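Comments concern the structure below.
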Amino acid sequence: FLYTATKWASATFFLEAFLRATTGTVYAALVDADGVQLAASVVSTTATAFQRVRSPALTLTTGKTYRAVFGKAGADAGEFVSAKLVVELT
């Protein structure tokens with residue numbers, strides 16, 4: 001997703017992911033094209049049933065391209081179904 005502030009002046013963005021942990025903790029986050037993780041976008045769960053988790057409101061940088069990534073730490077494991085940007089218009 002290429003963010004251009006002038007096209008989204010009245011929008012608030014959130015990352016929403018559908019995932020579950022089979023062991024430990026799993027997470028989803030937004031990263032830009034340079035591989036830099038947007039810190040406020042990290043959502044995680046330790047639940048063994050699938051959960052929909054949503055980030056707080058995100059501040060995106062105009063001209064940056066963003067994508068969702070999934071991850072875990074060490075021996076943690078889980079399953080990831082989807083991630084999306086939710087847009088609320090005011």
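Numbering of residues begins at 1 and proceeds along the displayed sequence. None of these values were measured; they are calculated from a predicted model.
Summarising the geometry of Arg54 relative to Val86, their closest heavy-atom pair is NH2-CG1, 3.5 Å, with the distance given to 0.1 Å. For Ser44 against Val53, the heavy-atom pair with the smallest separation is O-CG1, 3.9 Å. The two residues Thr62 and Thr4 make their nearest non-hydrogen contact at OG1-CA, 3.4 Å.
Under the 4.5 Å side-chain criterion, counting only non-hydrogen atoms from C-beta, Leu38 is not in contact with Val31. A heavy-atom distance below 4.5 Å is not found between the side chains of Val26 and Phe70. Inter-residue side-chain proximity for Tyr27 and Thr45 is flagged as unmet; no heavy-atom pair is nearer than 4.5 Å. Two residues are said to be in side-chain contact when any heavy atoms from C-beta on lie closer than 4.5 Å; Glu88 and Phe14 meet this criterion.
Note: Trp8 and Phe13 have perpendicular aromatic rings, judged against thresholds of 30 and 60 degrees for the angle between ring planes.
No donor-acceptor distance shorter than 3.5 angstrom exists from the side chain of Ser55 to the backbone of Val43, with no hydrogens or angles considered.
Interatomic distance, Thr65 OG1 to Leu2 CG, rounded to the nearest 0.5 Å: 4.5 Å. Summarising the geometry, atom OG belonging to Ser41 is positioned 13.5 Å from atom CD belonging to Glu16; distances are rounded to the nearest 0.5 Å. One finds the OH atom of Tyr3 at 8.5 Å from the OG1 atom of Thr59 (value rounded to the nearest 0.5 Å). Considering OG1 of Thr12 and CG of Leu58, their distance stands at 9.5 Å, rounded to 0.5 Å. To the nearest 0.5 Å, atoms CZ (Phe80) and NZ (Lys72) are separated by 8.5 Å. Here the CG-CG distance, from Leu15 to Leu30, works out to 4.5 Å after rounding to the nearest 0.5 Å.
Taking 4.0 Å as the cut-off between side-chain N and carboxylate O, Arg67 and Asp32 do not count as a salt-bridged pair.
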What's the verdict on ring-ring contact (aromatic ring centres under 6.0 Å, His included) for Tyr66 and Phe1, showing C-alpha distance, side-chain angles and the deciding distance? CA-CA 5 Å; Tyr66 295 94; Phe1 170 71; 7.3 Å; no
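In this view, Arg20 and Glu79 satisfy the salt bridge (charged side-chain N to carboxylate O under 4.0 Å, His left out) rule, not counting sequence neighbours.
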